[in-house]
Structures are given as C-alpha cells and as structure tokens.
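Data block below; observations after.
Keep in mind that what you see is a predicted model, and the values were worked out from it rather than measured.
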Amino acid sequence: MIDRQTVDRIFAAADIVEVVSDFVTLKKKGVNYQACCPFHNEKTPSFVVSPSKGLYKCFGCGKGGNAISFVMEHEGLSYVEALKWVARKYGIEVKEREQSPEEKQRNDDRESMMIVTSWANQYFADQLRTPEGESVGVGYFRERGFTDATIAKFQLGYCPAKGDAMTRAALEGGYREEFLVGTGLTIKRETANDRSGGEYYDRFCGRVMFPVHSLSGRVIAFGGRTLRTDKKVAKYLNSPESEIYHKSNTLYGIYFAKKAITQFNRCILVEGYTDVLQMHQSGVENVVASSGTSLTVEQIKLVRRFTKNITVIYDGDAAGIKASMRGIDMILREGMTVRCVLLPEGEDPDSFARTHNATELQGYVEEHEEDFISFKTRILLGDAAEDPIKRAEVISSVVDSIAVIPEAIDRAVFVRDCARKLEIDEDILIREVARKQITMVDGQAGREAMDNQRRKEQFLQRHEGGGASAGPGFSPERPASEPAGAVDLAPKLSFAEQGLNRELRRLERELVGYLLKYGGENFDFAMSPTEIVSMGVAEVIVNDLEMDRIEMHDPLCRQIYEEFARIFRQENRIPEVNHFINHPSPEVASLVVDLLTEEETYAPSRMWERYEIRVSTERERLGEAIPKAITIYKSKVVSSIIASLQKELLGIETMEEAQEIIRRLESLNELRKKIYEKYLRTV
C-alpha cells in the first residue's frame, strides 16, 4: 500500500489539465477547458475540465472525477496503478508502507511470475521466425487469414514441438524452475530412472500461442491450439490457475478492446480467441471473449467498468445457444443491458468477420440484434410449436430472466413488452415475476420468504373470521371488493421496497449535494410570516439528522456525510470540497463530482432570458429547498421502517406479536402524518 503522505503529495502535484492533456486535446473556454469526450463518440464537445475545482465531467456520458480517476478510467488501471502513473509523471518517489515478510515474498513471487510469462511471450513470438515456426505457426495463422499486423498486435506465437525446448531455454536464461512450473508453462514429471530430479515438459509444445493480457496489458497466461488431428489431444489448452491468472476474472482481448468499448458504450461478447482476432482485424474492436469458459459474474463486472451494454453474438448452433443462455440472466442480474445477435446458419464470428468488413459487420449487428425477450422466445418457441406445456415453459424461462433484473422500472418495461409479444395478460406476468423474485433472489432468501408465507397462512387459518381474539384494528378477512385468489401483498412489497430505497438514495444524494456545494453558507428561513432567521446549511442538515439518529442507506452517501459531519463537529470547520474530490476512494470522488456538476432542474435558460423573465437559482432557493428535502427524507425513512415492519408482520407466529407490530405501525403512521403536515407548512 502507498502511504497517506505520498498519496497526498501525488494529489497535490497532479494538475488535472496537464494530466488530461496527455490523452485529450483540450481547448480553453472561459475559466474551463473543453474537448470531445474520450469515453464515448461525439461531435459536439461535452467534456469539461475545471482547473479551479480539479475535476473533469462529461455531460454526454456522465463520467467524471479527478486526475487519478481519469487515468484509471482511460487506461483501465487500478487505483494504486493510477497513483504510480501520476507519480512518475511528476517525479514523485512512491513510498509504500512496510510489508510483512509474507506479503513481500508473495509480491516478489507474483512479479517473478509476471517476468517469466513476459519472457515466454517474447520467446513464442520469436519462434515464428524459425523454420519450424514459419512452416507450422505462421502457416496456420495465414490459413486463418490473420495479417502480420494482427499477429504483431496480439503477440501471437508458437511453442516448438520438441518437448522441453522452451523450458531449457528459460533455465539457460536464468529463469527459475519454480516460476516456470507455477505459471503452468512447464510440467515437471518424476521418472523411474531419476528419483532425485524430474523430466521437464513444455505444456504447450507444438501449439500456436495466444497470450492472455491483463487489463493493464501484462501477459498473465496463454492459450495454445494444437495442430494435430489426434482426437485424443485437446484442441485448446489453457494455462492453469495461478497467483497471477484467475480465468473467471479475465476476458480475452479486454486490454485491446477497453478503449473502443468506452467509445461505443457497448461490449460485444464472443466465445473464442480467433473470433476476437478476426473481428478486430475487420475493424470492430469493442469485442472480447470468455475463452470457451462459462461466463462468470466477475467477467461481467469487468465489462461493467467500461459500459453497461453487452451484445452477445451466437453462432447457428442451437444446442450451444440454449446451453449458454444462462449467461443472459447473469448479465441482467448485474443491472446491465443485454442484446443478442444470431449469425446465419453455419457461421461463427471468426468466419463471418473474415468475409465482411467493419461497416458490414456493424450493420449486421445493428439490424439483427434483439432484446433478450425476443431472442429467447424466438429460439425456444421454435421447439414448442403448438404444445401448450412447452409454450408455458418458454414463458416461465422469460419470466425467470425478468425477475433477476434489479431495477423495478426496467422490470416493468420488460413485463409490458413480454405481455405484448407473448399475448399474456400483463397482471398475470406481474404476479409471476413478483413470485419468482421471492424464490429466486437466492436459495436461502427464497426459503425464508416461503416460510414467512406459510406461517402467515397458518396464522390466518387459526384466526379465521376475526372476533375478539384478533384484537383491535386487525382483520384477516379480505375486503369484499378483492377477488378470490388475488395476489398476496408479500411479492408486491419487494417492488415497493425497491422503489422506496431508490427514492431514499435520491434524497440522500440531494442532501449530501447541498452539504458539498453550500455547507459553509447561510440561508434565510421563514419561521412565521413576520419572523425570518438566518441558518447555516451544514448546521441545519447535520443537526436534524443527528437529532433523529438517522443513518443514510446508500453506503457512499453515508461515507461522505459521516466524514463531513465528523470534521464539522470535531474540528469545528466546513470541510474543503477538494478533500472529497481527491478522496482516496475513487467511488467517493466520482459521486462527489457527479453531485457538484449535476445540472439544476430549474436553472435559468436562454428562453427565460429572451423574455426577460428571471428564474431563481439553486442557491437562492436554499431557504425552501433544504427544509423540504430534510422533511421529505425523514418521511421516506419512516416509510422504510413501516415497509420493514409490514414484511415482518407476514412472518409472525402469535397474536401478541402481531398486535405489538400493529401498534408500532399505527405510531409510525401517525408520525409520518405529522411529518407530512410539517412539509405542507414549508411549501
């Protein structure tokens, strides 16, 4: 880890204009600088750099942050790597905290393994210039249609067919056996004739080589393809898991694709090495591969660093498509948008890209990509024909996919679309999605929800008909207007809670934004028609939340608020906004930049100016905006507690427990009513 003093020096030295100018041509406009955004395609500049605030913000794609986060985003580096990059630029010596012997040894070993894979990568590339490599390796790449430029760009190579040629060359070059074995490049086999030592064997002997690069461009593993026709030999062989390579966290081609993914705000996902190479060669560069392995959550999160949109390209193999559809639900579960493209029968991305240029490829994708509902129903209904049971299974599969989508609004849109396309009543789909949410979020949560439902039904059966034992205010009977078999409240509660949490996050962002922008300022508040008092923004917000012991729900907002409140209380000062812009947490810094640069909903516009109509600014509205925001926020917090108690009520066992929860609910509803009345008085 880099010590805090060094981090502070790096942030102090980093000039946002100088750092961004290393990658983007900036033009001065007023007190700020502008450019076309490097993170998405645009013709009109919407990317702004503010030297006074030390931040950048794109008002097109929404990305923003400080000098360090810019380097992280643009170069695909980790926080520590970006700090070191900026430190090198300004000649700052990076001092890292003292590591334990175990940590130091592990880091040394990891670096040694990186050095070994880097050497092997160059060795395999050099072998293409030998007679054997030219004949076998280059011959194969030419047969696949790869140009010299593609071979060089992806650093393709060849491992000699002699069993231990690579290992012997490495040992002669001074590279240690333990790291050759640790990276999986070398296999050491004990022999009957030599108990004291072993025989070396190159894992990839006789194979053409595809190096796997990390996000920062270092070689961490290899894939090797055999050119033998022996069916007992695996066609592709990959490096085993190691200290530097975890296949579930890696996507082939991500280093070469990350810039294009950001620019086009879309990642194209294919299956194999040659698919990626051929598409890059055709001019489509925002493409990566899962390298023949099943898609993992970690791989999806890796893509999400650059875009929320994934297009999956499938070849015409129906069995393969159905087997890989699990990946669609995984992408949706991570809150991303997924679209699917089916290639013509007999084609795969490799063969299709070989016969089409970039324009044709992009045109085909745009014309044929489908949302997951259309894709799933078209593929799966092909087997269902008029069989109602199979048709029901298809609908159930689509509902499964909709149920994993985290955002309620997105789910509602897809439910409506699904109802239209499959000619199913929308209310039925809503109930089914809600039911599946209870049982599908995870096994344990599903079991707990079902247990709660079972206990509630048993409780209602025990007290059927109400009566004195049911207690005041408690009636298990359904309203007369409610039809038999109507959907239970439990599944609906999940939707309500998610909408409430989203509203809480919005209000928390608003309050934190007021603290960051106006924390040190005062506003006039009308206590009555005749009494106006001056109040401090920070004092009002912090006092109000502390008085009711309210803890913010959103972890980033909570971190910013608690840090702000601590400095405000303990040091008796308003924290500098740069403290948060240059925060050690990139996530915090990014949110702060978003809050500081959000456009005002009611900001003056040229239209108002044209008619000489003056519209008040956000600063001028603080006197009414802050009390309202605090009041509404408290109301939503109370609503959140009420929703939690309502959910708890479904799982109670005894009448006493039910009555206690009902009493608490009545008290909270009364409190919410008072808060609402207070809100009306501030309007």
>> Quick one, Thr186 with Met166, criterion side-chain contact (heavy atoms from CB on, under 4.5 Å). Give me CA distance, side-chain angles, the key distance, then yes/no.
In response: CA-CA 8 Å; Thr186 297; Met166 184 277 299; 4.0 Å; yes
>> Using the rule given for salt bridge (Lys or Arg N to Asp or Glu O under 4.0 Å), can you reason through Arg218 versus Glu111, listing the C-alpha separation, both sets of side-chain angles and the distance that settles it, and then say yes or no?
In response: CA-CA 11 Å; Arg218 302 189 74 175; Glu111 186 58 31; 2.9 Å; yes
> When you look at Val288 and Ile261, which way does the side-chain contact (heavy atoms from CB on, under 4.5 Å) test go after all the steps?
Replying inline: CA-CA 10 Å; Val288 298; Ile261 291 172; 4.3 Å; yes
>> side-chain contact (heavy atoms from CB on, under 4.5 Å) for Glu369 and Ile313? Distances and angles first, verdict last.
In response: CA-CA 9 Å; Glu369 66 178 358; Ile313 295 186; over 6 Å; no
> Could you go step by step and tell me if Phe11 and Ile68 meet the side-chain contact (heavy atoms from CB on, under 4.5 Å) rule?
Replying inline: CA-CA 8 Å; Phe11 272 107; Ile68 306 301; 3.4 Å; yes
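A salt bridge is defined here as a Lys NZ or Arg NE, NH1 or NH2 lying under 4.0 Å from an Asp or Glu carboxylate O, and Glu134 with Arg129 fails to meet this definition. Contact check on Glu73 versus Lys63 returns a salt bridge, with a Lys/Arg side-chain nitrogen under 4.0 Å from an Asp/Glu carboxylate oxygen. Between Arg339 and Glu370 there is no salt bridge, since none of the side-chain N atoms of the basic residue sits less than 4.0 Å from a carboxylate O of the acidic one.
A donor-acceptor contact closer than 3.5 angstrom links the side chains of Glu587 and Ser585. If you check the side chains of Gln155 and His213, you find a donor sitting under 3.5 Å from an acceptor. Between the side chains of Thr274 and Gln278, not a single donor N or O lies within less than 3.5 Å of an accepting N or O. Between Tyr90 and Arg9, the side chains place no donor N or O within less than 3.5 Å of an acceptor N or O (distance only, hydrogens not considered). Judged purely by distance below 3.5 Å, without hydrogens or angles, the side chains of Lys376 and Ser401 pair a donor atom with an acceptor atom. No donor-acceptor contact under 3.5 angstrom links the side chains of Ser590 and Ser69, judged on distance only. Ser78 and Glu81 share a side-chain donor-acceptor pair at under 3.5 Å.
By the 30° and 60° cut-offs, the orientation of the rings of Tyr252 relative to Phe210 is perpendicular. Ring geometry for Phe47 versus Phe70: interplanar angle of 30 to 60°, hence tilted. Between His280 and Phe256, the angle of the ring planes goes over 60°, which puts this pair in the perpendicular group of the 30/60° scheme. Note on ring orientation: taking the six-membered ring where Trp is involved, the planes of Phe372 and Phe414 are tilted (angle from 30° to 60°).
Across Lys258, Arg266, Lys153, a single residue satisfies salt bridge (charged side-chain N to carboxylate O under 4.0 Å, His left out) together with Glu285, and that is Lys153.
Closest approach of Pro160 and Gln127 over heavy atoms only: CG-OE1, 3.4 Å. Residues Thr307 and Asn309 come closest through the heavy atom pair OG1-N, 3.1 Å. Of all the heavy atoms in Val287 and Ala257, the pair that sits closest is O-CB, 3.5 Å. Nearest approach of Ser21 to Leu26, heavy atoms of both residues: OG-CD1, 3.5 Å. Of all the heavy atoms in Ala35 and Val24, the pair that sits closest is CB-CG1, 3.3 Å. Between Ser46 and His40, the shortest heavy-atom contact is OG-CE1, 4.2 Å.
Of the possible donor and acceptor atoms, one in the side chain of Thr117 sits under 3.5 Å from a partner among the backbone N and O of Met114. Between the Gln299 side chain and the Thr296 main chain, a donor and an acceptor come within less than 3.5 Å of each other. Under a 3.5 Å cut-off, the side chain of Tyr79 and the backbone N or O of Pro584 do form a donor-acceptor pair. Without hydrogens or angle criteria, Lys235 side chain to Arg225 main chain gives no donor-acceptor distance under 3.5 Å. No donor-acceptor distance shorter than 3.5 angstrom exists from the side chain of Arg203 to the backbone of Ile187, with no hydrogens or angles considered. In this structure, the side chain of Ser282 does not engage the main chain of Asn357 through any donor-acceptor pair within 3.5 Å. Asp202 places no side-chain N or O within donor-acceptor distance of the main-chain N or O of Leu185, the cut-off being under 3.5 Å. Listed for the Glu347 side chain is no donor-acceptor partner under 3.5 Å among the backbone atoms of Pro344. Remark: the backbone N or O of Glu132 is not paired with any side-chain donor or acceptor of Ser135 at under 3.5 angstrom. Looking at Ser397, its side chain never comes within 3.5 Å of a backbone N or O of Glu393 through a donor-acceptor pair.
Taken from OG1 in Thr359 to CD in Gln362, the straight-line distance is 6.0 Å, to the nearest 0.5 Å. Atoms CG and CD1, from Asp109 and Ile244 in turn, are 11.0 Å apart once rounded to the nearest 0.5 Å. Here CD of Glu102 is found 9.5 Å from CD of Gln105. Values are rounded to the nearest 0.5 Å. Between atom CG of residue Asp350 and atom CD of residue Glu271 there is a gap of 11.5 Å, rounded to the nearest 0.5 Å. A distance of 14.0 Å separates OG of Ser118 from CE of Met113, quoted to the nearest 0.5 Å. In this structure, CG in Asp15 is found 8.5 Å from NZ in Lys89, a value given to the nearest 0.5 Å.
Thr250 has its side chain within reach of Val212: a pair of non-hydrogen atoms, C-beta onward, lies under 4.5 Å apart. Side-chain contact check for Val208 versus Leu227: some heavy-atom pair is nearer than 4.5 Å. Using a 4.5 Å cut-off on side-chain heavy atoms (C-beta onward), Asn249 and Leu302 make no contact. For the pair Met279 and Asp275, the minimum side-chain heavy-atom distance is 4.5 Å or more. You'll find the side chain of Cys61 stays beyond 4.5 Å of the side chain of Asn265, heavy atoms only. Residues Arg354 and Arg144 meet the side-chain proximity criterion, which asks for heavy atoms closer than 4.5 Å. Contact annotation: the side chain of Phe141 never approaches that of Thr150 to less than 4.5 Å [non-hydrogen atoms, C-beta and beyond]. Tyr200 has its side chain within reach of Leu171: a pair of non-hydrogen atoms, C-beta onward, lies under 4.5 Å apart.
For Lys421, the NZ atom is densely surrounded, since the number of other residues' heavy atoms within 6.0 Å is greater than 12. At most 12 heavy atoms of other shown residues, nucleotides or ligands fall within 6.0 angstrom of atom CZ in Arg106. Surrounding OH of Tyr123 are more than 12 heavy atoms belonging to other residues, nucleotides or ligands, all under 6.0 Å away.
Between Tyr314 and Phe375, the distance from one ring center to the other falls under 6.0 angstrom. Annotation: Phe352 is in aromatic contact with Tyr364 [ring centroid separation under 6.0 Å]. Aromatic rings of Phe154 and Phe146 (six-membered ring for Trp) have centroids beyond the 6.0 Å cut-off, not under it. Ring-centre distance between Trp85 and Phe23: below the 6.0 Å cut-off. For Tyr158 and Phe124, the gap between ring centers reaches or exceeds 6.0 Å.
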